[in-house]
Amino acid sequence: MGFTSPKAGPLTWDLPPLKPVKLRGIGHIRSLLVKAGVRIRSSVPAPFSSAIRDSAKTNAAPYFGFCFFQGQAIPDPREFVNLQLIYELWKSGINPNRIADQLNAKKISPRSAQKWNRNSIVKIINRFENKSVILKSGGKYELR
């Protein structure tokens with residue numbers, strides 16, 4: 001076996017013969033790691049709901065106004081002010097169509113769409129009504 005370089009002549013090297021390797025299962029590898037003192041996660045998966053609650057991280061984007069940071073949902077500095085504005089407008093009795101119009105007039109952009117619409121405002125308001133997101137005075141919040 002060798003390699004030929006266009007400038008220098010042929011390069012050759014000797015490799016030791018390969019020994020046959022017996023492939024082992026993941027259980028064997030886990031047991032070797034545990035014996036070596038490596039801390040590994042449980043082989044039994046946690047229930048889906050408790051895994052989400054504990055990590056607060058899913059494949060889905062967090063609620064509008066929030067972002068993930070180090071596995072925790074925290075207020076998004078770009079969106080949380082707009083979430084508070086939507087909440088205040090809703091509490092003052094303005095309907096979702098008018099809220100969307102006011103946000104578009106102020107050129108406040110939503111997360112992924114080009115313009116605000118009634119459906120996106122209704123989804124945010126439903127989170128307030130269902131107590132999934134609770135805004136408190138002083139910019140405090142609670143996620144459930």
So do the side chains of [X] and [Y] get within less than 4.5 Å of each other, counting heavy atoms only?
X	Y	value
Gln102	Ile94	yes
Leu103	Lys115	no
Ile121	Asn95	no
Tyr87	Asn82	no
Leu85	Ile99	no

Take atom CZ in Arg78; do more than 12 heavy atoms of anything else shown fall under 6.0 Å from it?
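No, the 6.0 Å shell around CZ holds no more than 12 heavy atoms from other groups.
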
How about Glu129: does its CD atom have over 12 heavy atoms from other parts shown lying under 6.0 Å from it?
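Buried by this count: over 12 neighbours within 6.0 Å.
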
So, taking the atom named [atom1] in [X] and the one named [atom2] in [Y], what distance separates them when rounded to the nearest 0.5 Å?
X	Y	atom1	atom2	answer
Trp116	Arg111	CH2	CZ	9.0 Å
Ile125	Lys91	CD1	NZ	10.5 Å
Lys123	Phe64	NZ	CZ	13.0 Å
Ile86	Glu79	CD1	CD	9.5 Å

State plainly whether one hydrophobic cluster holds both Leu83 and Val122, where clusters connect Ile, Leu, Val, Met, Phe, Trp and Tyr through side-chain heavy atoms under 4.5 angstrom apart.
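The answer is no; the residues belong to distinct hydrophobic clusters.
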
Search all heavy atoms of Gly65 against all heavy atoms of Phe80 and return the closest pair with its distance.
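Where Gly65 meets Phe80 most closely, the heavy atoms are O-CD1, 3.5 Å.
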
Distance-minimising heavy-atom pair for Cys67 and Pro75
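Smallest heavy-atom distance, with atoms named: SG-O, 4.2 Å.
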
